[in-house]
Amino acid sequence: MATSRLLQAPGATITGWGVGLPDNIVTNADLAARLDTSDEWIVERSGIRERRIGGTSGSLAVEAGRAALKDAGVDPASVDLLLLATSTPDQQMPATASFVQDELGLSGGACDVNAACSGFVYALVAGYGMAALGAQRILVIGSDVMSRITDQEDRGTAVLFGDGAGAVVLEATDGAGQLLGWDLGSDGSTRHILYADHRAHTKMDGKEVFRRAVRVMVTSSVRALEAAGVAPADVKLVVPHQANVRIIEAACKRLEIPTERAALVLEHTGNTSAGSIPLALADAADAGRLDDGDIVLVVGFGAGMSWASAVLRWAR
Ligand code: ACO
């Protein structure tokens, strides 16, 4: 039976994490000085107060990856696989993962994953899958420099996006590991509501993205929780994609999970696309919000539209 084969496969556990953020902070007041917007509007509509701008997807990924490897105490030369989630690669070709692999001195394979803001969760689930196929140490990074594909004169998008990266180290375990359930999804018929063409800026139908984001966050979370055999009430920490605090609040309300259980960094980072979930996870873990045995729900959505959820039992 497929189920028993899955249960016998090696699992994996997150043993370290790290972040990479540009030094340059751009506040809402900075934006209001040159755009027809205000701190009040941005905070009320999105929850964002400031964002970091600068760097490249590769350089931020290197910073986050290096910190995660150090945190886990893992020798870069012993890493079997790098999965780098990004939709703002430094070059069309090769993958930005090639640069990161070289800079960090990683061994093993390296490739990019593009599922926009859901990319990190896609890569994370794929990482657990690779552990089941025998990989011992996997570096999973989400890194995006959204400022590069955002029209800084467009108040509709410039106020929302920022640059940043987060990384985790996955290590194979003898037992089942910490992944309890997952859900990955895509509805390519809605790809026109959020996109960036080659050498062009991001175009977004904000209201439509908002509406669909809440819906897919809820349905995907429920599917992953059901696969894990876990009730929403048992979730200790939700790590949602950091696009808009109102989207997070609406999704938590529908899931009947108190918003206080959500990890939030978007106030200071804006929407960093694939960087957002590992940034929020690292922040919550560093703040001591996670104990061994806690149930963690990570849930992302983004252009595509794509969505991805995973339910973990925290153990370090
Ligand atoms: N400052 C002031 N006014 C603004 C700004 C701004 N920065 N931006 C838009 N407005 C105006 C609009 O022009 C509009 O004016 P009008 O009524 O005269 O036409 C008014 O404010 C209201 O605009 P709405 O679009 O109705 O505002 P809304 O409450 O929907 O909030 C927002 C807009 C924040 C974009 C919201 O729709 C949203 O967050 N959507 C989801 C975006 C998102 O999550 N994107 C990322 C997805 S993940 C990925 O893959 C990258």
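Fair warning: this is a prediction, and the values are worked out from it, not measured in the lab. Just so you know, ligand 1 is whichever comes first in the structure, and atom 1 is the first atom listed for that ligand.
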**Request:** Run through V125, V140, L84, T86 and flag the one making a side-chain contact (heavy atoms from CB on, under 4.5 Å) with F120.
**Result:**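 It is V140, the one option of V125, V140, L84, T86 that forms the side-chain contact (heavy atoms from CB on, under 4.5 Å) with F120.
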
**Item:** side-chain contact (heavy atoms from CB on, under 4.5 Å) partner of L106, chosen from L81, D75, L69
**Value:** L69

For ligand 1, which is the ligand I care about here, please tell me if [X] has any N or O atom under 3.5 Å from one of the ligand's N or O atoms.
X	result
N244	yes
L194	no
K207	yes
H241	no

**Prompt:** Does a side-chain N-to-carboxylate-O contact under 4.0 Å join R316 and D71?
**Reply:**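 Yes, charged N to carboxylate O under 4.0 Å.
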
**Item:** Note: R223-E226 ion pair, threshold 4.0 Å (strictly below)
**Value:** no

**Request:** Decide side-chain hydrogen bond (donor to acceptor under 3.5 Å, both in side chains) for T272 and T269; before the verdict, give the C-alpha distance in whole Å, the side-chain angles of both, and the deciding distance to 0.1 Å.
**Result:** CA-CA 7 Å; T272 55; T269 61; 4.9 Å; no

Record the part of [X] in heavy-atom contact with ligand 1 below 4.0 Å; permitted values are side chain, backbone, both and neither.
X	answer
A116	side chain
I42	neither
T37	both
I247	side chain
L35	neither

Return yes when atom [atom1] of [X] has more than 12 non-hydrogen atoms of other residues, nucleotides or ligands closer than 6.0 Å, and no otherwise.
X	atom1	answer
R34	CZ	yes
D23	CG	no
K203	NZ	no
W182	CH2	no

**Asked** Does atom 17 (O) of ligand 1 have a protein non-hydrogen atom under 4.0 Å from it?
**Response**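 So atom 17 (O) of ligand 1 lacks protein heavy-atom neighbours under 4.0 Å.
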
**Request:** Considering only protein heavy atoms, determine whether one is less than 4.0 Å from atom 51 (C) of ligand 1.
**Result:**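 Yes.
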
With heavy-atom distances below 4.0 Å as the criterion, list the atoms of ligand 1 near [X].
X	result
N271	46 (C), 48 (S)
V159	7 (N)
G302	48 (S), 49 (C), 50 (O)
F161	51 (C)
A303	49 (C), 50 (O)
D36	1 (N), 2 (C)

**Asked** Heavy-atom distance to atom 41 (C) of ligand 1: which of G300, A196, G206 wins?
**Response** G206

**Asked** Which option, E208, R212, M204, owns the non-hydrogen atom nearest atom 45 (N) of ligand 1?
**Response** M204

**Prompt:** Does N244 reach the main-chain N or O of R246 with its side chain, forming a donor-acceptor pair under 3.5 Å?
**Reply:** yes

**Asked** When you measure from the side chain of R261 to the backbone N and O of V235, does any donor-acceptor pair fall under 3.5 Å?
**Response**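 Between the backbone of V235 and the side chain of R261 there is a qualifying donor-acceptor contact (under 3.5 Å).
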
Protein contact of [atom] - nearest heavy atom, named by residue and atom, plus distance:
atom	value
atom 33 (C) of ligand 1	W41 CH2, 3.9 Å
atom 27 (O) of ligand 1	R45 NH1, 2.9 Å
atom 31 (O) of ligand 1	R246 NH2, 3.5 Å
atom 48 (S) of ligand 1	C117 SG, 2.9 Å
atom 43 (C) of ligand 1	V209 CG1, 3.7 Å
atom 35 (C) of ligand 1	L160 CD1, 3.8 Å
atom 44 (O) of ligand 1	A243 CB, 3.3 Å
atom 15 (O) of ligand 1	R155 NH2, 4.4 Å

**Prompt:** Does V296 share a hydrophobic cluster with L124, counting links as ILVMFWY side-chain heavy atoms below 4.5 Å and allowing steps through other members?
**Reply:**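 Same cluster: V296 reaches L124 through Ile, Leu, Val, Met, Phe, Trp or Tyr contacts under 4.5 Å.
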
**Request:** Decide whether L266 and V299 are clustered together by the hydrophobic rule: side chain heavy atoms of Ile, Leu, Val, Met, Phe, Trp, Tyr closer than 4.5 Å, transitively.
**Result:** yes

**Request:** Examine R212 relative to W307 and say whether NZ or CZ is less than 6.0 Å from the centre of the six-membered ring and inside a 45° cone about the ring axis.
**Result:** no

**Message:** For S78 and R137, which I'm curious about, is there any donor-acceptor pair between the side chains at under 3.5 Å?
**Reply:**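 Yes, R137 and S78 have a side-chain donor paired with an acceptor closer than 3.5 Å.
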
**Message:** Could you walk me through whether R155 and D36 satisfy the salt bridge (charged side-chain N to carboxylate O under 4.0 Å, His left out) test, starting with their C-alpha distance in whole Å, then the side-chain angles of each, then the deciding distance to 0.1 Å, before giving a yes or no?
**Reply:** CA-CA 7 Å; R155 68 176 183 173; D36 182 14; 3.4 Å; yes

